Each structure stands twice: as structure tokens, then as C-alpha cells.
Amino acid sequence: MKFKELTKDYWPSVKDIYEEGIATGNATFQSSAPTWDEWNTSHVEKARIIAVDDNDEILGWAALTPVSGRCVYAGVGEVSVYVSANARGKGVGKALLNELIRQSEENGFWTLTAGIFPENEASLKIHRNAGFKVLGIREKIGKMNGQWRDTVLLERRSTVVGID
């Protein structure tokens with residue numbers, strides 16, 4: 001597996017993987033994938049990653065969204081990690097998250113956050129293993145298909161950026 005920058009050229013495959021995540025019902029509150037332009041403007045320009053196999057097939061992607069437009073939060077990003085259905089359970093999510101952490105620190109991010117459905121045990125596990133701490137449960141934070149859903153709020157503080 002190797003990593004490449006997630007660019008517009010890869011969007012059709014990235015969008016397919018995003019839609020696979022949406023279909024699980026435990027990846028996001030989104031009910032459909034956005035257009036490239038919508039996705040592009042809502043995500044941080046740095047630390048956009050795809051994981052590819054030896055045949056250049058995209059196995060998954062990871063990126064950051066800003067938590068706020070206020071300048072004091074410029075080094076805080078919310079993590080998104082999505083793995084293709086045929087690549088799940090093979091360490092792709094873990095590898096993507098670790099690479100996203102590395103690239104985020106290279107780009108001055110001192111805090112990463114994640115909001116994960118409690119039912120998404122695999123995602124919770126890889127985040128905890130990557131140093132994310134559970135801050136709490138956001139109970140009934142949003143409705144999905146008419147049902148209230150909780151999310152687990154996690155945070156990871158860098159040990160190399162923003163420590164002074």
C-alpha cells in the first residue's frame with residue numbers, strides 16, 4: 001500500500017468509497033456524497049490522502065475538515081477516514097489514520113477530533129489505538145432516518161506541534 005494526494009482526478013473513486021460508507025448507516029450523518037466542488041471547499045487543502053494498492057486501485061481515503069473558521073482554531077481539524085468495502089479489515093483504515101496524523105502535524109495541526117457513531121466499533125478502535133481519547137458521548141446529537149443518533153467525541157493532541 002502507498003499513499004498519494006487526494007486530488008480531483010481521484011474523486012469518482014473517492015466518492016464511490018464515501019457512498020459505501022454512507023450505505024453502512026454508521027459512517028456519517030450524510031445521506032449522499034457531495035460534489036467535488038462541495039467536498040473540496042469544505043476540507044482542509046493539506047493532508048488529503050488516498051491509499052492505493054500495487055495496481056493503483058484506491059483502497060480508502062482520509063482528510064480533515066476545519067472545526068471552525070476562527071483563526072485560533074487553525075490547527076484543529078476533524079478527521080474523516082473511509083475504507084473501500086473490499087479493503088475493510090486489512091489495516092487500511094489504521095494506515096490512513098496514522099498517515100493523516102503525520103501529515104496533519106507537518107502542516108501545523110495540534111489537535112485532531114473525531115465524532116464516531118458508537119456502533120462503528122472498528123473506527124473507534126483504530127482511533128483509540130492512534131492516541132485519540134474519548135471525551136464523551138454527544139447524546140442525540142442528530143437525527144438520521146427519523147432516529148436520534150449519538151456520537152462518541154474523540155480528540156488527539158499532538159506531541160510535536162503546539163506543545164510550547
Side-chain angles (χ1 to χ4, degrees), residues 1-6 10 13-33 39 42-44 46-54 57-67 73 75-107 109-145 147-163:
M1 174 178 12
K2 60 186 171 186
F3 302 109
K4 294 183 177 183
E5 180 182 353
L6 192 168
Y10 298 115
S13 295
V14 167
K15 182 181 176 193
D16 288 345
I17 293 168
Y18 196 8
E19 289 172 338
E20 289 175 351
I22 291 168
T24 69
N26 287 324
T28 179
F29 279 108
Q30 293 291 120
S31 58
S32 62
W39 188 92
S42 67
H43 287 76
V44 175
K46 301 290 182 182
R48 298 175 172 192
I49 307 160
I50 57 169
V52 297
D53 64 13
D54 292 337
E57 181 181 338
I58 299 176
L59 304 172
W61 63 271
L64 298 174
T65 47
V67 298
Y73 296 111
V76 183
E78 184 174 357
V79 172
S80 292
V81 177
Y82 286 79
V83 177
S84 172
N86 63 0
R88 291 184 191 142
K90 299 177 182 175
V92 174
K94 176 182 177 180
L96 274 165
L97 182 57
N98 287 329
E99 180 64 13
L100 185 64
I101 291 167
R102 187 189 70 73
Q103 288 190 24
S104 72
E105 290 177 335
E106 278 183 357
N107 288 285
F109 283 82
W110 59 82
T111 300
L112 298 179
T113 67
I116 302 172
F117 291 124
E119 298 84 0
N120 194 340
E121 294 174 8
S123 188
L124 288 169
K125 181 178 178 181
I126 67 167
H127 281 77
R128 283 191 197 112
N129 288 342
F132 283 75
K133 295 178 184 175
V134 173
L135 298 180
I137 305 294
R138 299 175 76 188
E139 296 179 2
K140 297 182 180 179
I141 193 69
K143 276 191 174 183
M144 184 175 189
N145 300 321
Q147 297 288 323
W148 284 106
R149 299 288 302 266
D150 299 344
T151 59
V152 179
L153 183 60
L154 299 103
E155 179 180 88
R156 182 187 187 280
R157 294 298 304 254
S158 174
T159 59
V160 297
V161 178
I163 58 173

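Given the structure is predicted, the values throughout are model-derived calculations rather than measurements.
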Query raised in the report: How many angstroms lie between atom CZ of Arg156 and atom CZ of Phe109, to the nearest 0.5 angstrom?
Result: 13.5 Å
Query raised in the report: To the nearest 0.5 Å, what is the distance between OG1 (Thr24) and CZ (Phe117)?
Result: 8.5 Å
Query - Tyr18 and Trp61 aromatic centres sub-6.0 Å - result: yes
**Report entry** Basic-acidic side-chain contact under 4.0 Å: Glu121, Lys125
**Finding:** no
Report summary line: Distance col, row Arg157:CZ vs Lys133:NZ, nearest 0.5 angstrom, shows 10.0 Å
Query - Glu19 atom CD, over 12 foreign heavy atoms within 6.0 Å - result: yes
Query - Residues, nucleotides or ligands: over 12 heavy atoms within 6.0 Å of Tyr73 OH - result: no
Query raised in the report: Is it the case that more than 12 heavy atoms not belonging to Arg138 sit under 6.0 Å from its CZ atom?
Result: no
Query raised in the report: Do other residues, nucleotides or ligands put more than 12 heavy atoms under 6.0 Å from Asp54 CG?
Result: no
Query raised in the report: Is the closest side-chain donor-acceptor distance between Asn107 and Arg102 under 3.5 Å?
Result: no
Requested in this report: State plainly whether the residues Lys46 and Glu106 are in salt-bridge range, i.e. N to O under 4.0 Å.
Outcome: no
Query raised in the report: Does Ala130 have any side chain to side chain contact (heavy atoms under 4.5 Å, CB included) partners at least two apart in sequence or in another chain, and if so, which?
Result: Leu97, Asn98, Ile101, Phe132
**Report entry** Spacing of CD belonging to Glu78 relative to CG belonging to Leu154, to within rounding of 0.5 Å
**Finding:** 10.5 Å
Query raised in the report: What distance do Leu59 atom CG and Arg88 atom CZ have between them, rounded to the nearest 0.5 Å?
Result: 12.0 Å
